[in-house]
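Here is the structure we will look at, set down as structure tokens.
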Amino acid sequence: MRPTVRLAAMFCIVALPVVAQDWQPVADVYGTLSGRTVQYPSATQAFRSNGSTRYDAGTPSVGRWTESAGRYCSVWPPVESWSCFDVMISGDGSRIRFVDDRGNATDGAFR
């Protein structure tokens with residue numbers, strides 16, 4: 001392997017843990033989300049302290065949210081089953097990530 005290729009490969013390997021460490025698990029989901037609004041690429045979501053949440057991607061919908069076993073859980077009528085997500089926060093506290101049980105992530109920024 002040529003020295004420049006080896007150096008580039010080493011940089012990528014060394015840089016990966018730094019990027020991975022940017023996201024930290026949220027210890028207090030309710031405290032982190034309550035009273036806050038998150039901006040997604042094409043929608044916003046407000047998390048009210050009374051357990052209601054409003055998602056607006058052009059047409060608003062209102063659901064309920066709670067913290068359960070350290071996870072964010074929500075229900076959106078007319079569906080009555082709750083969906084839960086792990087919650088991560090960026091190192092600088094400006095971004096939030098919701099991760100479903102399959103590992104799919106949705107990122108947003110606090111407004």
Side-chain angles (χ1 to χ4, degrees):
M1 186 180 290
R2 293 186 316 174
T4 48
V5 173
R6 187 177 319 128
L7 181 60
M10 284 176 35
F11 176 73
C12 289
I13 291 169
V14 171
L16 287 176
V18 173
V19 172
Q21 292 175 10
D22 186 40
W23 292 100
Q24 302 296 320
V26 170
D28 178 12
V29 173
Y30 181 82
T32 300
L33 295 176
S34 184
R36 311 269 315 257
T37 298
V38 173
Q39 179 69 53
Y40 304 106
S42 59
T44 59
Q45 185 174 4
F47 300 89
R48 297 190 179 104
S49 60
N50 67 1
S52 69
T53 182
R54 183 176 189 267
Y55 185 87
D56 192 341
T59 303
S61 62
V62 176
R64 294 188 321 264
W65 77 280
T66 191
E67 177 178 2
S68 178
R71 302 179 83 200
Y72 160 78
C73 299
S74 61
V75 62
W76 298 90
V79 176
E80 294 186 24
S81 61
W82 289 81
S83 298
C84 297
F85 303 82
D86 292 322
V87 183
M88 311 288 284
I89 194 162
S90 63
D92 66 0
S94 68
R95 296 173 292 144
I96 193 88
R97 173 175 283 172
F98 299 94
V99 183
D100 69 17
D101 290 334
R102 288 183 243 136
N104 300 311
T106 301
D107 294 353
F110 288 113
R111 289 191 355 187

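Counting from 1, the numbers follow the sequence of the chain as shown. Side-chain atoms are counted along with the backbone in the values below, which use heavy atoms only and exclude waters and symmetry mates.
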Does the pair Trp23 and Val99 meet the rule for a side chain to side chain contact (heavy atoms under 4.5 Å, CB included), with working shown? CA-CA 12 Å; Trp23 292 100; Val99 183; over 6 Å; no
Please verify the inter-ring angle class for Phe47 with Tyr72; under 30° counts as parallel, over 60° as perpendicular, anything in between as tilted. perpendicular
Step-by-step side chain to side chain contact (heavy atoms under 4.5 Å, CB included) determination, Arg95 to Asp22: CA-CA 10 Å; Arg95 296 173 292 144; Asp22 186 40; 2.6 Å; yes
Holding to side-chain hydrogen bond (donor to acceptor under 3.5 Å, both in side chains), I want the full list of residues that pass it with [X], two or more places apart in sequence or in another chain.
| X | value |
| --- | --- |
| Thr53 | Gln45 |
| Arg111 | Gln39 |
| Asp28 | none |

Could you tell me which residues satisfy ring pair (Phe, Tyr, Trp, His ring centres under 6.0 Å) with Tyr30, sequence neighbours excluded, listed by chain and number? Trp65
With hydrophobic residues grouped by side-chain heavy-atom distances under 4.5 Å, do Val26 and Tyr40 end up in a single group?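 Yes, same cluster.
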Give the cluster check for Tyr55 versus Val29: same hydrophobic cluster or not, with ILVMFWY residues linked at side-chain heavy-atom distances below 4.5 Å.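 They do share one cluster, since a chain of ILVMFWY contacts under 4.5 Å joins Tyr55 to Val29.
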Where do Phe110 and Thr37 land on the side chain to side chain contact (heavy atoms under 4.5 Å, CB included) test, with the steps shown first? CA-CA 6 Å; Phe110 288 113; Thr37 298; over 6 Å; no
Test salt bridge (charged side-chain N to carboxylate O under 4.0 Å, His left out) applied to Asp56 - qualifying residues, sequence neighbours left out: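 Only Arg54 meet the salt bridge (charged side-chain N to carboxylate O under 4.0 Å, His left out) criterion with Asp56.
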Taking only residues two or more places apart in sequence, or in another chain, which ones meet Asp100 in a salt bridge (charged side-chain N to carboxylate O under 4.0 Å, His left out)?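 Checked Asp100 against salt bridge (charged side-chain N to carboxylate O under 4.0 Å, His left out); zero matches.
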Partner set under side chain to side chain contact (heavy atoms under 4.5 Å, CB included) for Ser94, not counting sequence neighbours: Ser90, Asp92
Suppose we screen for side chain to side chain contact (heavy atoms under 4.5 Å, CB included). Which residues come up paired with Ser68, at least two apart in sequence or across chains? Cys73
Sequence neighbours left out, cut at 3.5 Å: what donor-acceptor pairs do the side chains of residues 74-89 make with other protein atoms?
| unit_1 | atom_1 | unit_2 | atom_2 | d |
| --- | --- | --- | --- | --- |
| Ser74 | OG | Trp76 | NE1 | 3.2 |
| Asp86 | OD1 | Arg71 | NE | 3.1 |

